[in-house]
Number of protein chains: 2
Amino acid sequence: MSSFRYAMLTLLAREPLSGYDIKQQMNSRMGPFWKAGSNQIYPELAKMEEAGLVALHEIEHNEYRPARKVYRITESGKEELIRWTMEPTEPETIKDEFLLKAYNSWLIDFEKMIPRLEEKKKEHEGKLAIYVDKVNELNRIVDPSNPRDPIASSISVVEFGIEYEKLYIQWCDHFIEKLKNNG
Amino acid sequence: MSSFRYAMLTLLAREPLSGYDIKQQMNSRMGPFWKAGSNQIYPELAKMEEAGLVALHEIEHNEYRPARKVYRITESGKEELIRWTMEPTEPETIKDEFLLKAYNSWLIDFEKMIPRLEEKKKEHEGKLAIYVDKVNELNRIVDPSNPRDPIASSISVVEFGIEYEKLYIQWCDHFIEKLKNNG
DNA sequence: ATTGACATGTAAGTCGTTACATGATTCG
DNA sequence: CGAATCATGTAACGACTTACATGTCAAT
């Protein structure tokens, strides 16, 4: 089973959602950790329903809009998600296109490379700000007395994001300095 | 054109290589930044030759082994690589399966989650050690008087890897502590 | 005797992306 | 008046993975 399916189960384990909700959460709440388009979500939801991992929770009707088909995770879906979560995970490659370009920086005039690094730096500063806001908000709503609060898990993952963005920003700075000293 | 093609050009811009060499370098020298199997490399090399981005450099014959077909980058391939390298790069998602599992940790008994984190930590400690060795070796062979030495670019990318692994290790530690305090 | 390194590739299948298709409502 | 949001989905294509296929030498 593809990990995309587990990403969907991950969201549905917390609350019932429609395909549209899943899309929104992946592209905002889950932030840039995971992404998806409708093309993948709706067929996958149908397959998951067939496999008994999710079930129709309710259908919200609206006069002018298509009906919202809200799904919930089933017991067997939850078991499958837990089984997968406890499984060891294969090492992953970073596979960042910009790093590949950095690997080619020796081919490029430094004056032309530096604006790209400044650009990237700004992009990651933007993400950092978003994550910091998010973690602050999560800290406000988390229940510290409940060791099983899903929000606590969310916080840990967003904290990873924060550290990652900081590292990226520092690396850009470091790289820019190097290029300036060599040019 | 897929970024995989540019990954191949990136390596060929430094020295002529066979398909087999490319595979080796992607899975070792380029470390876990990019990966590839023979299935992707050989057909792609053929297409790149057809497009005039690379050309046969020489064919090394051996009695018992298949002939080594060594390719070099062409002028037009180099121009294309430079053009791509200077182009702005789209933001990327992190898409780390283990982070997705961490997002589900609220579902799991802490005693069962901690060994997974210890495991991951060890994995990244291993990668860190490899990168540190690599950067030390690169620093030994880099030519500091040449601002266009490709090795200098390699060093910057490996340095990113080092910081990334350190961050991952720290995050694992941090997460383990949190789980212990809640269990 | 078996595994691993060398060296090329093919075939089949799944995963993922971009674009398309529909249609009313609200906001600027 | 145009764009964005809500809400579902399909079609076509390209990327990527897993497994297959072949064959010799060197090392354990």
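Here is how names work: the chains are called A, B, and so on, in the same order as the sequence lines, proteins then strands, and each is numbered from 1. Worth saying up front: this structure is predicted, and the values here are computed from it rather than measured. Just so it is clear, the values below take in all heavy atoms, side chains as well, and ignore hydrogens, waters and symmetry mates.
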For dT14(C) and Ser2(A) - does any side-chain N or O of the residue sit under 4.0 Å from the phosphate oxygens OP1/OP2?
no
Does a nitrogen or oxygen in the side chain of Ser18(A) sit under 4.0 Å from OP1 or OP2 of dT8(D)?
yes
Side-chain N or O of Arg68(A) versus OP1/OP2 of dA7(D): is the shortest distance under 4.0 Å?
yes
On DNA chain C, does the nearest nucleotide to Pro66(A) precede the nearest nucleotide to Ser38(A) from the 5' side, or the other way round? Give the residue.
Ser38(A)
In whole Å, what is the span from the CD atom of Glu92(B) to the P atom of dG16(C)?
15 Å
Does the pair Glu125(A)/Lys122(A) count as a salt bridge with the N-to-O cut at 4.0 Å?
no
Given atom CG of Leu45(A) and atom P of dT10(D), what is their separation to the nearest angstrom?
12 Å
So does Tyr42(A) get a side-chain nitrogen or oxygen closer than 4.0 Å to the phosphate oxygens (OP1/OP2) of dT8(D)?
yes
When rounded to whole Å, the NZ to C1' distance for the pair Lys23(B) and dT17(D) reads 13 Å
May I ask you to verify if any side-chain N or O of Gln40(B) is less than 4.0 angstrom from the OP1 or OP2 atom of dA15(D)?
no
dC6(D) P sits how many Å from Ile59(A) CD1, rounded?
20 Å
Given the structure, check if the side chain of Asn39(B) and the base of dT10(C) hold any donor-acceptor pair shorter than 3.5 Å.
no
Whole Å only: how far is the CZ atom of Phe4(A) from the P atom of dC16(D)?
17 Å
Tyr20(A), nearest nucleotide to its side chain (from dT17(C), dT10(C), dC6(D)):
dC6(D)
Is Arg148(A) salt-bridged to Asp109(B), going by a charged N under 4.0 Å from an acidic O?
yes
N or O in side chain of Arg65(A) less than 4.0 angstrom from dA7(D) OP1/OP2:
yes
Just call it for Ala36(B): base, sugar-phosphate, or nothing, with non-hydrogen atoms closer than 4.0 Å on any strand.
nothing
Pairing of Lys121(B) and Glu118(B) as salt bridge, 4.0 angstrom limit
no
Whole-Å distance separating the NE2 atom of His61(B) from the C1' atom of dG23(D)
17 Å
Is any side-chain heavy atom of Phe4(B) closer than 4.5 Å to one of Ile41(B)?
yes
Over how many whole Å does the gap from Met8(A) atom CE to dC15(C) atom C1' extend?
14 Å
Indicate whether OP1 or OP2 belonging to dG9(D) is found under 4.0 Å from a side-chain N or O atom of Lys69(A).
yes
Are any of the side-chain nitrogens in Arg83(A) or Glu80(A) under 4.0 Å away from the carboxylate oxygens of its partner?
yes
When the distance from OH of Tyr71(B) to C1' of dG9(C) is rounded to whole Å, what number comes out?
11 Å
